[in-house]
Amino acid sequence: MTSATGIPDKPALEGLEAAWGPVWEREGTHRFDRAAALEAGKASVFSVDTPPPTASGSLHIGHVFSYTHMDLAARFQRMRGRHLFYPMGWDDNGLPTERRVQNYYGVRCDPTLPYVPGYVPPLEGGENASSKAADQVPISRRNFIELCEKLTAEDEKQFEALWRDLGLSVDWSLTYRTIGHEAQLAAQRAFLRNLARGEAYQADAPTLWDVTFRTAVAQAELEDKDQPAAYHRVSFHRPDGGTVDIETTRPELLPACVALVAHPDDERYQALFGTTVTTPLFGVEVPVLAHHLAQKDKGSGIAMVCTFGDVTDVVWWRELDLPTRAIIGKDGRILEDAPAADLFSEAGRAAYGELIGKTVFSAKAKVVELLKESGELVGDPKPITHPVKFYEKGDKPLEIVSTRQWYIANGARDAALRDRLLEAGNQIGFHPDFMRVRYDNWVGGLTGDWLISRQRFFGVPLPIWYPLDADGEVLREQPIVPGEHQLPVDPASTPAPGYDESQRGLPNGFVGELDIMDTWATSSLTPQIAGGWETDPELFDLVFPYSLRSQGQDIIRTWLFSTVLRAELEHHSIPWTNAGISGFIVDPDRKKMSKSKGNVVTPAAMLEEHGSDAVRYWAASSRLGTDAAFDPQNPKQMKIGRRLAIKVLNAAKFVYSFPEPPSGAVITAPLDLDMLAELDAVVGIATAAYEEYDHARALEATEQFFWTFCDDYLELVKERAYAGDGSATRSLREAIDVLLRLLAPVLPFATEEVWRWTHDGSIHLAPWPEVRGAGATLGLLPAVSEALIGIRRAKTDAKASQKTEVLSATLSGPAFLAGAADDLKAVGRIAQLTLVEATEIAVTDIVLAEAPVE
RNA sequence: GGGCUCUUAGCUCAGUUGGUUAGAGCGCCACGUUUACACCGUGGAUGCCGGGGGUUCGAGUCCCUCAGGGCCCACCA
């Protein structure tokens, strides 16, 4: 224990972070006391499922905002006597890390290369390194992963330092990494159990594909972006020599065309249904079919179906049982061998030859050129802007490629599961409540199961092998799984159970699955990872379901949903009883603040400039779910918080400067009793607000009272306090003790500094103030304050100093004002005060002395 | 196209189940260096509560409608 320290002459906010952070660490202030929690029982635990920030990204103001909200709830509960289980994770697995490593070290992964021990990358800290793939040195998968681990470890150190500076009351002994051993174990175990129950399965199907990262992506990771495009009117040829014109934005997919589709009711095309037409340039015969999804008013009303231009093509392809003639490879370039090549006309083969190896973009230009030459392009392309699906982290449109992938059932194709998930959502307390709608909408709108496999390198491997038959064919439908005791396992470097490594890739041998799991497949298990699921049952029982999930609203469809899903599948339980959803930060123009704008102030610089308490105050003054405007050029809210924190230091110093109340001092003065009764009411409001995760309301009520306490009460009792009046000095100390604790969640540094002047031990482990039921107040403090304002106004109007003596004045108001008449006389420097009973409070007949009394 | 959310002072926002004369902070104006605080104090001015209609004794609050922001989802020929 750090013993009580002296009260400094000039208390300051500077240096409090550096002073108290290490003390909290040394004293274990934020440590989860498992033994005590076990003793007190599960109900005594408050467990927090913390969002693991993406380690390779940078923390921004939005993180500070939402992590502070979480910390406010945690600190409140800790002071309420709950045992806090408050871990922190780092999401260091996945694509953002890979991308950052590529740029930082100037390398890229090529799994076919051998491992080079002691490899030294071409760049170190090359933030401005070229991101052009051509300039990046190919290295082995193992070398690549080593670099990933190295870089994320560095990032995580910086993140932890920032969070400590911000004063997050995380138990830093409870950290995890989503690429770490525990996370891999939990992710693989959960997957194997999904597989055993039939919830995980593999399927060969058209998949949304990012050509830059060369991986499949899931529905939850999609983002629409408006893109320029053009309608190209193109003529197909009827057997009778006539033409059918279609409009397409993707003429380069003509060689992948498998049909034309129009609406069954469309009279213009009814005669064509059941006939065939031939494609322009390539001369492939394709059927004209009817389908209700075709829209009469779009383009020419008849659409070309290609494998695959968009998700509607996939629907048509599936429902009309069309052939697959894909021409786009996983690298986004036109394949060398077109599946329909033998159907092409002579000219078509020549045309296709000119497309091979081209990107979609250049292939399009080439096809348009050829169509113009052949006269099959009608008119000029009409430029449009339309939404196109992108991977949220990518910058090229997604293609649809047919691949074999792993999925987890998410209710999209299973009404019973979907209902269970909706019911789970109902059981969770969303804060604010309307955020549940976003969850419901997402669950209700799912169009397919969750695609969890990724064709990447840095992530948790799918723990699967496949046998090879005597001909060396991979038997995909007979996956080999490890026992749970073998986990975590990397099938790329460990042989399948029952096989020797020498049999890898050989007939009658085995191959390891190379795909890894999507990062959400791991982070959907954060409660299980942090809580020791299956590895520490005692702990898991204590903390699961968690008390609180805290997160941003932008990841309801990903993290929140997937966590509910995994908990439902594995435990038939909700993962947490409450979900606190923070809004996001908008810039002064009401636009979502984006990193690209360049006006981003780093959190570290902000904490440095304003102080952590000030930044926390800013976050705390916004309610959950509400977007907060933030102008980095003019951070007013920070200044207000800073002012409050400084005021706390000074007011407390002032209070403690009065003589200590004599032992046995009793609070008798009406004004003192009334002030404490008001404070009691504030405790009630703040407590109820925090219990509802309404930290902003708690802060507002507390802050409002605190300023009244300083500006009015403190002024009114000054004279009595100087004189050593026990009622006043005791009241002041009791009040400041309560106020400090009410403010402790928001201003952990300033309140701790002050608390330790007179207490051993941390304020953050002090009990939250109790409502004492002090009863209704007379309203004496506000009434006297009003009278005081009258006196002050008279002096201000007279342009006189507040020190000016009042020779005489008349105070009218309720009779109870008499109880504070002496206090009013003292602070107002009133020589003679006459009391007149009235319902309205007013100070009249004020006669000021000529000059201030020195 | 569907859903959610917001619109209150110049700015950022409170405003509970409808209830006197609608609040706070910032900013602005004036005054004041008072034995906690100049990173200060005191006082003051500031409103078609987005528009329109309705319910009610009474509407910032409830209902309808229109307009405008923001977000999510859907659509992508």
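To find a chain, count down the sequence lines: A is the first, B the second, and so on, and within it residues start at 1. Note that the coordinates shown come from a computational prediction; the quantities given were computed from them, not determined experimentally.
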With respect to the side chain of [X], which nucleotide from [options] is positioned closest?
| X | options | answer |
| --- | --- | --- |
| A:Phe584 | B:G70, B:U33, B:G3 | B:G70 |
| A:Phe434 | B:A36, B:C4, B:G3 | B:C4 |
| A:Ala629 | B:A36, B:G3, B:C13 | B:C13 |
| A:Gln295 | B:C73, B:A38, B:C75 | B:C75 |
| A:Ile640 | B:C73, B:G25, B:C71 | B:G25 |

Under 4.0 Å, counting only non-hydrogen atoms across every strand here, what does [X] touch: a base, just sugar-phosphate, or nothing?
| X | value |
| --- | --- |
| A:Thr312 | sugar-phosphate |
| A:Arg250 | nothing |
| A:Cys306 | nothing |
| A:Val388 | base |
| A:Ser657 | nothing |
| A:Lys799 | sugar-phosphate |
| A:Lys389 | base |
| A:Ala294 | base |

Write down the distance separating the [atom1] atoms in [N] and [M], rounded off to the nearest Å.
| N | M | atom1 | result |
| --- | --- | --- | --- |
| B:A14 | B:G23 | C1' | 7 Å |
| B:C31 | B:A38 | C1' | 15 Å |
| B:G54 | B:G1 | C1' | 29 Å |
| B:G15 | B:A59 | C1' | 14 Å |
| B:U61 | B:U16 | P | 11 Å |
| B:U20 | B:C57 | C1' | 14 Å |
| B:G27 | B:A74 | P | 45 Å |
| B:G19 | B:U56 | C1' | 12 Å |

Classify the angle between the aromatic ring planes of [X] and [Y] as parallel (below 30°), tilted (30 to 60°) or perpendicular (above 60°).
| X | Y | result |
| --- | --- | --- |
| A:Tyr693 | A:His431 | tilted |
| A:His69 | A:His695 | parallel |
| A:Phe561 | A:Trp442 | perpendicular |

Q) Do A:Lys718 and A:Glu715 pass the salt bridge (charged side-chain N to carboxylate O under 4.0 Å, His left out) test, and can you show the C-alpha distance, the side-chain angles, and the key distance before you say yes or no? A) CA-CA 5 Å; A:Lys718 250 183 192 177; A:Glu715 294 295 328; 3.2 Å; yes

Separation of atom [atom1] in [X] from atom [atom2] in [N], rounded to whole Å:
| X | N | atom1 | atom2 | answer |
| --- | --- | --- | --- | --- |
| A:Ile556 | B:C73 | CD1 | P | 10 Å |
| A:Leu739 | B:A36 | CG | P | 19 Å |
| A:Met435 | B:C73 | CE | C1' | 15 Å |
| A:Arg557 | B:A74 | CZ | C1' | 12 Å |
| A:Glu223 | B:C73 | CD | P | 9 Å |
| A:Leu644 | B:A24 | CG | P | 18 Å |
| A:Lys803 | B:G32 | NZ | C1' | 11 Å |
| A:Lys225 | B:C73 | NZ | P | 14 Å |

Q. For the residue pair A:Phe658 and A:Phe654, is the inter-centroid distance of their aromatic rings smaller than 6.0 Å?
A.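 Under 6.0 Å, so yes.
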
Q: Give a yes or no on whether the ring-centroid distance for A:Tyr391 and A:Trp209 is below 6.0 angstrom.
A: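 Ring centroids of A:Tyr391 and A:Trp209 are no less than 6.0 Å from each other.
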
Q: Walk me through it: do A:His292 and A:His263 pass the test side-chain contact (heavy atoms from CB on, under 4.5 Å)?
A: CA-CA 5 Å; A:His292 66 274; A:His263 194 275; 4.2 Å; yes

Q) Does the pair A:Glu14/A:Arg642 count as a salt bridge with the N-to-O cut at 4.0 Å? A)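 Yes, charged N to carboxylate O under 4.0 Å.
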
Q. Within 45° of the six-membered ring axis of A:Trp707 and under 6.0 Å from that ring's centre, is NZ or CZ of A:Arg643 located there?
A.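 So A:Arg643 does make the cation-pi contact.
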
Q: Find the runs of at least 3 consecutive base pairs, i with j, i+1 with j-1 and so on, that include RNA chain B, using Watson-Crick or G-U wobble geometry with both distances under 3.5 Å.
A: B:1-7 with B:67-73, B:10-13 with B:23-26, B:28-32 with B:40-44, B:50-54 with B:62-66

Using only atom types and a distance under 3.5 Å, with no angle test, would you say the side chain of [X] pairs donor to acceptor with the backbone of [Y]?
| X | Y | value |
| --- | --- | --- |
| A:Lys795 | A:Gly828 | yes |
| A:Thr68 | A:Arg616 | no |
| A:Asp245 | A:Arg233 | no |
| A:Thr626 | A:Ser622 | no |
| A:Asn650 | A:Pro11 | no |

Q: Determine, step by step, whether A:Glu703 and A:Lys647 satisfy the salt bridge (charged side-chain N to carboxylate O under 4.0 Å, His left out) criterion, reporting the C-alpha distance in whole Å, the side-chain angles of both residues, the deciding distance to 0.1 Å, and the verdict.
A: CA-CA 11 Å; A:Glu703 187 188 6; A:Lys647 193 77 174 179; over 6 Å; no

Expected rows: protein N/O vs nucleotides 17-21 of chain B N/O, under 3.5 Å:
none

Q.
Check this one for me: any side-chain N or O of A:Lys718 less than 4.0 Å away from OP1 or OP2 of B:A36?
A.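 Looking at the OP1 and OP2 atoms of B:A36, one of them is under 4.0 Å from a side-chain N or O of A:Lys718.
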
Q: May I ask you to evaluate whether A:Gln219 reaches the phosphate of B:A74, defined as a side-chain N or O under 4.0 Å from OP1 or OP2?
A: yes

Q: Treat primed atoms plus P, OP1 and OP2 as sugar-phosphate and everything else as base, then score nucleotides 39-44 of chain B 5' to 3': B for base contact with protein heavy atoms under 4.0 Å, S for sugar-phosphate contact only, - for none.
A: BSSBSS

Q.
I want to confirm an ordering. Mapping A:Ala800 and A:Ala651 to their closest nucleotides on RNA chain B, which one lands closer to the 5' end?
A. A:Ala800

**Q.** Most 5' of A:Leu714 and A:Val437 on RNA chain B, judged by nearest nucleotide
**A.**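 It is A:Val437 whose nearest nucleotide is closer to the 5' end.
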
